[in-house]
Every structure is written in C-alpha cells, then in structure tokens.
Amino acid sequence: AAAAAAVLIPSSPEANMTSVALSRFDEVDVAALAKDDLEVSTITLYQRELALHRGAQVAVTSEYICYAIKGGMIRIINRLDASRALLRGLEKVSDMAFAPSAPEGDDLEEEEEDVVLAAVGSEGGLRVWSLESSDGSLEPAELLKQDVGTPTARADVCDRVAWRPGSAEAQGSARLLATVLGDGENMILWAVRLGVVGQEPAFTLLNVNAAPGTDAAARSIAFTPEGGALVVALASQVSVFDIRTVTAGAILAGTAAAPAAVSVLSLSGADVPLESVTPLAPGVLLVGSQGNRRLSLWEQAGDGGHYAPASRLDIKVTATDGSADGCLMPIHLATCSVPPMVGSQAGESAAPPLILACDWRAGCLVTIRVRCPEPSPGGPLARFACARAFSAAGPVLSLEAAVEVNEEGAAADGSGGQGGTAPEVSVFVVQTNAVQRLAFRDAQLVDESKDEEAAGAVAPPAPVHLPGAAGGPGSGQVGLGNGQVEPPASTPSPFLHAALKRLASGGVAAAPAAEAPEHSPGRGTSSPSPPTVAPATGLGSVASSAGGSALAQTLGDLGSLSEAHFGTLMSALQQLLDAHRRTEASHAAAMERMRQQILAEVGAAEERQQERSKEHLAHLEQRLLAKGTSAVDAG
C-alpha cells in the first residue's frame, strides 16, 4: 500500500502563495518567512539515522523512483505497477542519478530508450544498471561495475555522478557519464554502452588544474543543459570545460583527448568554500558556497570566457533549538524547469529554473525564482526574483524535484497554467522515518522585485581575479578573474553560443564596485566574427565611453591591444609547454633510473637469498651425514 501511494499524483488545492520579492543582492531569513502548506504523500516508511548526506539519496523519473537504504543497497519502485527490485554492490551510497531521457521535439526516431541508473559509493565504487519492467516484474541488469579503490574519508567532500544530457542515439548507442571519486581527486569521464551487460570500463581522466596552494578536491560537477560543457566546483574555483568534441564513441575508440578549461573562476573571502555549481541558462552559473547558504549568479560578461557577479542571495538558517550553530548548517539544493513568470519579457528564457533550498535539519523548504533574460546589448542581467517558504515537517536528508502531470492534466509545459492554474511541483524527499512526495503549486508570479536603489544594504561582490593573471590584485587593472583559451573551430553549443556572440564585439563591462540598477549596461554587442582572446586591460573604458564614435575608437584600441596580448599570451604558453615537456622528460628519466635501481636491488636480493638457501642445504646435509655416521657406529 505504501508503494502504491507513489503511483497516484493527486491534484493539490490552491494554497496561499506567499512570496517575497528580492533585490539583486539580498538576504533572506528563513525563520522570518511565512510558511505555506505542502501536500504530503507517503511512498514508503523507512527508519534512517539523522545524518548529513551531500549527495543524492533519491532519484526519480516518470516511471521509477529509487532511494538508498542501509548496507549500500538501493530500492527501486516502478511507479506504474508498484513492482520492486533491490540493487546491491556498494558499501555506502554517496550519489545516484538516472540518465536523462531524450529532449522533447527530438528529431530522432521515436523508440523506447533504456532506463539507466548510475550510483557511486564512498568506498570508490561505480555501478550502472539498466531497468526493465515486464508483466509486473522489475528486472535490473548490471551494465558496468568498477572499483577505483580509493575511499572518500573527508566530511566536506562527496563522491559525485552526473550524466551528459541528450538521447542515447545522439551519442552513438552509448552515454557519457562523469564521476568524482576518492576524496574528490579522481575525475573520470566514462563511456557506458547501452544493453551490454558486464562491459569492460572505457574512460578518460580529467585534470581540473587547480591553482597552486588551493584545495584540488572536486566538490560538485554538472553538465550544461545541451551537454556541450562540464562545470566543476573546487573549494575556491569553478572550471568550465568545453567537451563538445568528447563523445562516448571517441572514448570507446581510445581517441578522446582530455578537454581543456575554457574559463576558470577563482573566488575568495565570503564566497568560499564552494559547495555546488549548476548551469541555469546560457552563460549563467548558480554557485553555492558556505554550505549553499550563499547563492550567487555569475554571468558571462561580454567576452565569452570571463564571468562577473550578476546577483547574490544569502540564506540565514537557525537551528531548531535557536542556537547560533544553525548558521553553519548546509542546505540541500535542487532545480527544475517551470513555465515563465507572468510579466516576463519577450526575450526572456522560455523556462527559467526554480531553485529549491532546504535546511536539512529543520526541514524548511524555500523556493527561489530566477530571471534569466536573453542576451541583448545593454539588457538586464540574470537575477534572483522572489522567494517562497514551506514547512516540510521534519528533517530532510535528500531531495529531488520535478514538475509532474497531475490527475487533472496540468502539465509542466505551462498548458496547465492557463486559466489561473499554476503548475504542480513534486519534491521527493528522504526523511528520518519515511520517503515522501511533497507537492505544491508554483504560481506564475508577477515580478515585484525591490527597488534597486532602496535595497543597497548588501554590497555586490568585488571583482574576482585569477591568480597570476593580468588585471589581478596589485596590477592596477580591471579584471574579471578568469583564464581563457580559444575554443575549437567546431560549431558552438547553445550554452556557449551567447558568449561567443558577445565575444565578437570585444565590449566588456567592468565588474560593479557598488550596487547598480537592474538595467545598467552589463552585456556586450554582437557582430559576425569573434576575435580569439579578450584583453585583461582597458575594460573600464568600454563601459564608460559615451557616443558611437567614442565607443568605436575604444573598440579599435581594444582590438589592437587584443593582438598584442594574444602574441604575448601565445609566447608564454609556448614557454610553459616547452618547460612542461622538459619536466616530463626529466621525470621519465628519473623513473627509468629508479626502475633500474629497483631491478638491481631485487636481483641482488634474489642472489643473496639463493646463497643463503645453498648454505642452509649444505648445513642440513652435514647434520644428516653426521647423524648417519653415529647410527652406524652405534649399530
């Protein structure tokens, strides 16, 4: 009966939708927010200890729901016929994820795709299963089993798993899977062949290139929605890798080249340590720090590689006993796409994401709406728009969000939102005594954001600089803090397309030094041919120049400066490459000398052992002869 409760998705009643408008740089006290009610449906009753889980302990599709249980096992339930199965093979489940289905409107042939689940364990294990239901029976098959052998012992790092979006057919009957294992030190891209049970692992390693002296453990990984880039969060660094040329087929063939970071965002101060990173829209990253209690939107600011702060939200949480320790509690994050807000502009993204932040110990759920306008010259930047709070009635150990189709047919594409009906959002949560589905309706709220000038109490972040880069601290130059390399000459992905368009103009806006109005110039203009590299100097003059002639003159100066810096950069890169090759040759020679020395020592040890054995045998022979002689004499 508990399993059957997951099959029905009843239509929840309209609630008092109490939302709070947000300014571009704001703070929210969760305890002070009015709490709306949630509709609760129990999927199963199961007792768990109260403990923090940074990775996903529950995953959901339209057909299946799975959740981690004791002993490293995963329970799978078919939501349509309530059939069950139990997956084994891990010591303790750290993270899990279903492979995404093909996007709507895919031109590929309509055929049923395999349902594939991947999970990683804290002992350094990876398991991939395919799921198939037939005649009320659920039969999982293990596609891939691999044990890296390096356990994760750090409390602030969690093993992670993420699938590349897109259909399996588009990836050549194989899927690309990214994992982080072994205290965040092993980043691996796997090629998983569908329908092949017990397959041999095929993979390529990924180097995050952490800045010297910083924590190199990867804490979060995420693919961009179209799958053209992989975003990795370290303790104080976010790296964006262009993986358009890295395919599952290339990994299987052994021809995949290690991708390079096209952008590196270095953070410090109150913006670290990082907890998570999520691509929300083309050129927009959601970065969570301090246990996801600080959420920041970073947007590509006009040059295709550099990011600048666009919006920030600090979430204040309090322990259930009112102690100050509540401010140190991590917050679970989840995102899902919902219909656009009422009052959205014509150029705004069709499906801005809904962010769900949950204080795991108190169980308070906060939903945050985000505006992600399409890139346009002088247009507004991405920003947090409004927040709404719910009471989850108990600790939440893990959560997964999705927009569901209810009994009355209200759909996630907004068709159910007409006539005053808001889409229904389902949040599947693992609590200490049950696995439950929490449901609420997300109203298409009119953006009633606070006046920017009146809400300037919280200062925007200062410009961030890449260590050792031009424009860094002490250089006297404006810098947005990101390294950049020229992307491949292939067709850009949708996620990178907007940035490459802005790269064409060469116009870059300086990072804000004080609170600015929403419609302040923050984006570049567009032109047909992108240059290769954006300069790190002279950026402030572009934002401050007035009039067409002044802007044209500034852009001309910027173009010539780009050529000079490009030559300098290429020379420096060549020197680094030569030094790297020399270092590799030196290391190879040292390794060969060490190998020869070890072989010589092993050979010498074997010879000594043989000599000792011969001496021992001779001694035994003499004793035996002596005993034989004595026996003869006695006879």
Side-chain angles (χ1 to χ4, degrees), residues 23-25 229 231 233 236-240 261-272 274 277-289 294-313 370-384 452 458-467 469-473 475 477-484 495-496 498-503 505-526 533-544 558:
S23 63
R24 195 157 67 94
F25 299 95
V231 186
S236 59
Q237 173 182 313
V238 175
S239 299
V240 181
V262 296
S263 182
V264 177
L265 174 65
S266 298
L267 303 175
S268 60
D271 291 320
V272 297
L274 299 182
V277 60
T278 306
L280 294 184
V284 179
L285 297 179
L286 170 66
V287 178
S289 56
R294 165 166 288 190
L295 303 180
S296 303
L297 294 178
W298 289 79
E299 186 167 5
Q300 287 178 322
D303 56 8
H306 294 5
Y307 282 81
S311 187
R312 187 184 67 207
L313 179 64
V370 178
R371 278 193 177 278
C372 295
E374 293 290 344
S376 60
L381 299 173
R383 53 167 299 156
F384 299 109
E452 296 294 331
V458 182
V464 181
H465 305 271
L466 182 67
S475 65
Q477 302 167 349
V478 179
L480 299 179
N482 311 90
Q484 175 188 355
F495 184 82
L496 301 175
L500 293 177
K501 285 174 59 180
R502 292 194 294 272
L503 176 61
S505 67
V508 182
E515 185 69 24
E518 176 178 338
H519 291 276
S520 60
R523 305 180 185 272
T525 57
S526 177
V533 162
T537 59
L539 305 184
S541 61
V542 178
S544 61
L558 191 61

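All values below were derived from every heavy atom in this structure, side-chain atoms included, with hydrogens, water molecules and symmetry-related copies excluded.
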Heavy-atom nearest pair, S296 first then D271, reads OG-OD1, 4.3 Å
Result for side-chain contact (heavy atoms from CB on, under 4.5 Å) between L285 and one of L297, V231, L280, T278 points to V231
With sequence neighbours excluded, what pairs up with S239 under the side-chain hydrogen bond (donor to acceptor under 3.5 Å, both in side chains) test? Q237
Any chance you could measure E299, atom CD, to S311, atom OG, to the nearest 0.5 Å? 10.5 Å
What heavy-atom pair brings L274 and S236 nearest, and what distance separates the two atoms? CD1-C, 4.2 Å
Any heavy-atom pair between the side chains of W298 and L267 that's under 4.5 Å? yes
Does Y307 reach the side chain of V238, with side-chain heavy atoms less than 4.5 Å apart? no
Atom pair CG (L313) and CZ (F384), whose distance is rounded to the nearest 0.5 Å: 5.5 Å
For the CZ atom of R383 and the CZ atom of R24, what is their distance to the nearest 0.5 Å? 8.0 Å
Ignoring hydrogens, what is the shortest heavy-atom contact between A382 and A310? Give both atom names and the distance. O-CB, 3.4 Å
